[in-house]
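Throughout, protein chains are lettered first and strands after them, A, B, ... in sequence-line order, and every chain is numbered starting at 1.
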Protein chains: 2
Amino acid sequence: MGSTDRPDLAAMLAPLTRSLIAMELPILDDHGLTMWAYSVLTALSAGPARGQGVLAQEIGADKTRIIATLDDLQARGLIERTPDPADRRARLLELTAAGRRLHGAAQAGIRAREEELLERLPAADRRGFLNALRILRASGPETGE
Amino acid sequence: MGSTDRPDLAAMLAPLTRSLIAMELPILDDHGLTMWAYSVLTALSAGPARGQGVLAQEIGADKTRIIATLDDLQARGLIERTPDPADRRARLLELTAAGRRLHGAAQAGIRAREEELLERLPAADRRGFLNALRILRASGPETGE
DNA sequence: TATTGTTATACTCTATAACTATA
DNA sequence: TATAGTTATAGAGTATAACAATA
């Protein structure tokens, strides 16, 4: 009855994700960023967001969770948060030049560490790993419900 | 300066792990198991454990976190928890026949779901993905400290 | 009335510290 | 005194519900 003879996927992915995050936290801290703050900067680096709710959903957070983060990022001049002229309830969010710079620096540090990790993999596995992540991410969580 | 042109690893792994867990929880629930309970059964399915602390560390938990879980599993006759004759402070932990059966059933359900997910991947990527997970898991978190 | 952002509250999960029993 | 297990407490993180402004 030894079906597939490997640990469960989640049993492998969860610790790997945890150690990846543990490895990235010191780097982010060097730049004065929390993980949520970095997630916000990353999302905004792809372009402005119309509405905090949209942004929150985009990074898998609750609307209420990122407010303190946005306050801080704005106070530090890393993002701009302006009322949407078309609907003054909503806020337009975008990176400032300083925000883009800081995100770039933090991301470079993270990428360097990630490369060290990926170098442990044979080229074929590395390619397959990254391809699989892209595919599984794209197909999304049409898993739960 | 578009270095690697892909999302950060953690940014891909974290949501994937989350959705994997979300997909497995209902299956575990059908068998009356929490994720920690399933982790315990999985660890013990490889063989008995000498000491709860050892078991906890093995599954990445705190000693205090799994006590209630062990109480429940024992009360349901899924594990045996006997004092170690050699050191009566410690407890020897092992699956009962019922525990082994339940773990097998739950794992089968999870594996079936996982296969559906993996079927979305081209064979080469699937192989590379699983290889990479094994390698990265083995090399462990010599990342943090 | 519905929605965006905000604030305040409650809840869950996890870690810390104190206790017992063995050694 | 040190350690395994247990229990009780406190803390962090998260979600839920109520509120103000705008539509």
d([atom1], [X]; [atom2], [N]) in whole Å:
{"X": "Asp71(A)", "N": "dG5(C)", "atom1": "CG", "atom2": "C1'", "result": "11 Å"}
{"X": "Ile66(A)", "N": "dG5(C)", "atom1": "CD1", "atom2": "P", "result": "8 Å"}
{"X": "Leu55(B)", "N": "dA4(D)", "atom1": "CG", "atom2": "C1'", "result": "13 Å"}
{"X": "Ile67(B)", "N": "dC13(C)", "atom1": "CD1", "atom2": "C1'", "result": "16 Å"}
{"X": "Met35(B)", "N": "dT14(C)", "atom1": "CE", "atom2": "C1'", "result": "13 Å"}
{"X": "Leu70(A)", "N": "dT6(C)", "atom1": "CG", "atom2": "C1'", "result": "12 Å"}
{"X": "Arg91(A)", "N": "dT22(D)", "atom1": "CZ", "atom2": "P", "result": "9 Å"}
{"X": "Leu92(A)", "N": "dG5(C)", "atom1": "CG", "atom2": "P", "result": "9 Å"}

> Quick one: is dT14(C) close enough that its OP1 or OP2 comes under 4.0 Å of any side-chain N or O from Trp36(B)?
Replying inline: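 Checking Trp36(B) against dT14(C): at least one side-chain N or O falls below 4.0 Å of OP1 or OP2.
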>> Looking at dG5(D), I'd like to know if its phosphate oxygens (OP1 or OP2) sit under 4.0 Å from a side-chain N or O belonging to Arg65(B).
In response: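 Answer no for this pair, as no side-chain N or O of Arg65(B) is under 4.0 Å from OP1 or OP2.
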>> For residues Leu95(A) and Trp36(A): do they belong to one hydrophobic cluster (side chain heavy atoms under 4.5 Å, members Ile, Leu, Val, Met, Phe, Trp, Tyr)?
In response: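 Yes; tracing contacts between hydrophobic side chains, which count when under 4.5 Å, links both residues.
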> Do the side chains of Val40(A) and Ile27(A) join up, straight or via other hydrophobic residues, at under 4.5 Å, putting them in one cluster?
Replying inline: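 The answer is yes; both residues are in one hydrophobic cluster.
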From the set [options], return the single nucleotide nearest to any side-chain atom of [X].
{"X": "Thr64(A)", "options": "dT14(C), dA23(D), dT7(C)", "answer": "dT7(C)"}
{"X": "Arg88(A)", "options": "dT22(D), dT6(C), dG5(D)", "answer": "dT22(D)"}
{"X": "Asp62(B)", "options": "dG5(D), dG5(C), dT16(C)", "answer": "dT16(C)"}
{"X": "Arg89(A)", "options": "dT14(C), dA15(D), dT4(C)", "answer": "dT4(C)"}

> Is the backbone of Gly60(A) close enough, under 3.5 Å, to the side chain of Arg18(B) for a donor and an acceptor to pair up by distance?
Replying inline: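 No.
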> Contact class for Arg50(B) vs. all strands (heavy atom < 4.0 Å): base, sugar-phosphate, or nothing?
Replying inline: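 It contacts nothing in the nucleic acid.
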>> What's Asp87(B) touching, base or sugar-phosphate or nothing? Going by heavy atoms closer than 4.0 Å.
In response: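 Sugar-phosphate, no base atom in range.
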> How about Arg50(B): does its CZ atom have over 12 heavy atoms from other parts shown lying under 6.0 Å from it?
Replying inline: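 Counting other residues, nucleotides and ligands, CZ of Arg50(B) stays at 12 neighbours or fewer.
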> Does the side chain of His103(A) reach to within under 4.5 Å of the side chain of Thr42(A), using non-hydrogen atoms?
Replying inline: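 Yes, close enough: below the 4.5 Å cut-off.
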> When the nearest nucleotide of DNA chain D is assigned to Gly53(B) and to Ala61(A) on a heavy-atom basis, which residue is associated with the more 5' position?
Replying inline: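 Looking at the nearest nucleotide for each, Gly53(B) comes out on the 5' side.
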